[in-house]
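See structure below.
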Amino acid sequence: MAADAFSLLSEPIRRYIHEKRWTKLRPIQHSAIRYILGDNDNYILAARTASGKTEAAFLPILSSVDFSSEGIQVLYISPLIALINDQFARVEDLCKYMDVPVTKWHGEANRAAKDRILKEPRGIVLITPESLEAMFVTKPYNVTYLFSNLKFVVIDEIHSFIGTDRGIQLKSILYRLQEKNGTPFRIIGLSATIGDYDEAKKITGNEARTKVLLDRSKKPLHTEFRYFDGKDETELPPDLIKDIYRHVHANKTLIFPNSRGRVEEVAVKLKKISERVGGHGNFFAHHSSIDKGIREYVEFFAKNSQRENFSISCTSTLELGIDIGSVDEIIQVDATHSVSSLIQRAGRSGRKNEEESNLTLYATSPWSMLQALACWSLYEKDCIESPDIVERPYDILAHQALSIIKGHNGIDYRVLIEKLSSNFAFRNIQRSEIAEIIDYFIGIDFIEKIGHELIVGIEGERIVNNREFFSTFEREINFNVVHNSKVIGNLPFTPQVQSDNNILLAAKIWKIVEVDTEAGKIFVVPALDGKKPTFIGSGVNVHPLIHGEMFRILFSDEEFSVLDEKSNQALKELRKDFRPMSIQNPTTERPLLCMNNRSIIHLFAGTKVTETLRYLMSKRNISALITNNGCSMELSDMDESNSLAIWHSLLLLKDDLDSLLYSSLEETPHLIHIPKWGKHLPEKYKVALIKQKTFDFEGTFQFIANTKLVTTKVLRS
DNA sequence: GACCTGCTGCGGCTTG
């Protein structure tokens with residue numbers, strides 16, 4: 001059958017393959033060609049990183065679409081601008097034997113090219129969800145004209161949309177695009193790390209007509225664990241830095257230290273060692289608070305350094321999609337927050353010539369080592385955490401309501417409600433609820449009603465006519481760090497930010513000479529020594545699957561050949577602490593330890609359930625301390641019977657949840673996170689959103705009901 | 001201690 005797929009392709013595409021001297025099609029390409037050309041369904045292409053998924057989608061698409069007809073034929077949607085710029089070259093290359101214009105459309109893309117495509121819409125457009133949203137709002141007539149003949153939508157890195165606000169926005173936009181089309185377009189989603197295939201299928205709005213093509217083959221991954229006890233110090237152990245240096249100095253590497261401050265610490269310390277021993281100077285930092293120009297220089301350097309070695313210390317900015325060139329090794333400092341992240345990061349190395357990926361996992365505490373081991377073990381078993389699903393996204397609905405009204409320049413009240421209630425992104429929201437939200441917006445002048453016609457109201461205009469309107473996430477407001485009138489990056493205005501303090505940024509050391517709070521600027525000059533910067537970030541949730549695996553490992557005898565001696569020792573000691581707690585069934589039982597009038601519950605329940613438990617405890621006037629990387633909870637002034645009584649009494653709060661949340665919103669609104677577009681909703685819907693997004697009450701009550709706390713008395717403190 | 005992602009249109013300025 002091998003010849004089958006190839007012979008199905010059109011002549012220019014076969015010529016392209018010949019010229020590229022591909023000896024064979026990759027498995028995912030082979031099946032994608034046969035299936036996509038074989039019917040009219042939607043497809044999710046799931047295959048490991050660097051397996052040729054982009055080509056798997058575009059080879060059959062380019063073979064079957066008639067690009068001579070008017071309008072955009074293919075829309076490629078990406079979560080990142082950098083990925084669009086990367087894929088642009090690849091897609092253009094694929095089209096070289098065909099007369100198909102390829103156009104980048106995002107906030108930083110060339111205006112002239114955009115104007116050209118508006119005048120003569122043809123071919124393929126590469127775009128972000130936010131730019132699509134902006135098009136609907138500011139160029140509604142063009143949207144109809146551009147996309148009424150759309151045949152395919154390709155969604156890259158589809159996992160980054162599943163279970164996120166951005167994904168709900170994208171679904172809604174896909175529905176709005178479909179409204180413009182006479183015949184339905186087909187959707188092809190691409191990803192290497194899908195945790196829930198049913199949810200992935202839902203992004204098309206038609207699960208029944210969406211199929212998954214799955215290539216289970218894994219890239220060989222060579223993994224090593226290294227352990228250096230951080231002894232609770234704020235800075236990383238010097239021996240760990242030296243060990244990383246030995247690993248990276250003669251290689252091309254990416255280092256992931258999990259936080260922006262740590263990224264700077266690692267980059268500067270490695271650079272210092274290198275200077276001392278006469279090594280290369282190519283140590284860089286890459287994260288969201290470093291100026292875009294500097295980040296682009298770093299990416300450019302990595303892509304174009306055939307001979308020179310380099311190390312980029314980075315956050316998740318370099319985790320997704322972008323081909324940074326050939327990387328020999330990936331270093332992870334302390335555990336990733338998810339299995340998906342671990343896979344994506346490991347996949348950044350060995351992308352050329354099917355080489356294996358090299359991964360070194362450093363840990364600075366036993367708990368971090370155990371979490372890293374759990375992530376690795378789940379990866380080995382092909383388990384990826386499932387996304388968090390919001391069934392009734394009232395906030396995104398409110399946002400889309402404003403977007404539709406603005407884009408239509410006025411719309412009939414009943415037509416708007418009809419549009420929203422038939423949009424599959426909001427299929428679980430009642431028509432009456434939609435009407436209630438619209439009516440509320442009319443009441444607060446977000447929307448103005450003239451007869452049956454709705455237009456954007458006075459208050460609404462302020463929100464809609466702002467560039468922040470197009471996205472679902474909030475932006476941090478930071479001060480710019482300036483040297484010689486050049487922006488290096490930005491920092492939050494923390495106590496650390498004052499004259500004469502020295503800080504690290506963009507892998508360099510700076511002295512602050514002046515802080516202009518009015519202009520929001522921090523003026524700096526180079527310095528010789530400094531501290532890592534502190535950032536204000538929200539924590540990252542760890543999935544219960546990972547905590548569960550950590551707990552299972554603690555009570556199993558499984559041995560791991562990937563662990564070095566000190567990691568093994570750390571695991572052994574954790575197991576020694578936990579083994580006396582007589583757990584018979586690690587899936588249904590959790591230890592409760594009581595000593596000296598305080599108790600510890602080893603929950604291993606995932607971040608969201610743990611935070612929900614803490615909230616519920618606070619409503620019982622008990623302050624709970626979360627410890628052990630979020631796995632355990634400590635209660636003071638509690639003995640065994642108290643603890644058990646409180647634990648079970650939490651279930652009684654089930655029926656009072658709404659009133660608890662209403663009072664929390666009134667008394668301590670700053671303590672409860674409300675999503676960007678939920679802030680404008682009536683209290684009732686804020687509460688509904690908090691129940692779905694901020695906390696997980698259902699999961700928590702289930703956890704309490706299904707978990708047996710097994711008590712162990714401890715004499716020593 | 002705790003990630004990341006994107007962004008219109010216009011007026012007014014400088015520069016070739």
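Just so it is clear: chains get the letters A, B, ... in the order the sequence lines come, proteins before strands, and each one is counted from 1.
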Measure CG/A:L80 against P/B:dG6 and give the value in whole Å, please. 6 Å
Could you walk me through whether A:D165 and A:K693 pass the salt bridge (Lys or Arg N to Asp or Glu O under 4.0 Å) test, one step at a time? CA-CA 10 Å; A:D165 290 345; A:K693 291 188 171 183; 2.7 Å; yes
Centroid distance below 5.5 Å plus an interplanar angle below 30 degrees: do A:F470 and B:dT8 meet both conditions? no
Heavy atoms only, 4.0 Å cut-off, all strands: where does A:I81 land among base, sugar-phosphate and nothing? sugar-phosphate
I want to verify a distance call: between B:dC3, B:dC7, B:dG9, whose nearest atom is closest to the A:S316 side chain? B:dC3
Here the distance between atom C1' of B:dC4 and atom CZ of A:R295, to the nearest Å, is 9 Å
Of A:G539 and A:K114, the one whose nearest nucleotide on DNA chain B sits closer to the 5' end is A:G539
Would you indicate what A:R475 reaches in the nucleic acid, counting non-hydrogen atoms under 4.0 angstrom: base, sugar-phosphate, or nothing? base
Per atom distances to the A:S259 side chain, the nearest of B:dG6, B:dC4, B:dC3 is B:dC3
Select base, sugar-phosphate, or nothing to describe what A:N258 touches, counting heavy atoms under 4.0 Å on all strands. sugar-phosphate
Residue pair A:L254 / A:V327: nearest heavy atoms and the distance that separates them: N-CG1, 3.9 Å
So what does A:G107 touch, heavy atoms closer than 4.0 Å: a base, only the sugar-phosphate, or nothing? sugar-phosphate
Within 45° cone of A:F147 ring axis and under 6.0 Å: A:K180 NZ or CZ: no
Expressed as a whole number of angstroms, how long is the span from A:I312:CD1 to B:dC3:P? 19 Å
Quick check: A:F469 with A:W677 (ring centres under 6.0 Å apart)? yes
Of all the choices, B:dG1, B:dC4, B:dC7, which nucleotide is nearest to the side chain of A:T234 once you look at every atom? B:dG1
How long is the line joining CG of A:L402 and P of B:dC7, in whole Å? 20 Å
Rounded distance in Å - CD1 (A:I173) to P (B:dG6): 14 Å
Which nucleotide sits closest to the side chain of A:S131: B:dC3, B:dG9, B:dG6? B:dG6
Here's a test of your reading of the structure: between A:P257 and A:R166, which maps to the more 5' nucleotide of DNA chain B? A:P257
Look at all strands and tell whether A:S471 reaches a base, only sugar-phosphate, or nothing, counting heavy atoms closer than 4.0 Å. base
Would you classify A:E468 as touching base, sugar-phosphate or nothing, given that sugar-phosphate means primed atoms plus P, OP1 and OP2, and contacts are heavy atoms under 4.0 Å? base
Rounding to 0.5 Å, atoms CD (A:E385) and CD1 (A:I546) come to a distance of 4.5 Å
Once you round it to whole Å, what is the distance between P of B:dG1 and CH2 of A:W367? 21 Å
To the nearest Å, how far apart are A:R345 CZ and B:dC4 C1'? 10 Å
Spatial distance of atom CG (A:D696) from atom OG1 (A:T607) [nearest 0.5 Å]: 11.5 Å
Whole Å only: how far is the CE atom of A:M135 from the P atom of B:dG6? 17 Å
Using a 4.0 Å heavy-atom cut-off across all strands, classify A:H106 as base, sugar-phosphate, or nothing. sugar-phosphate
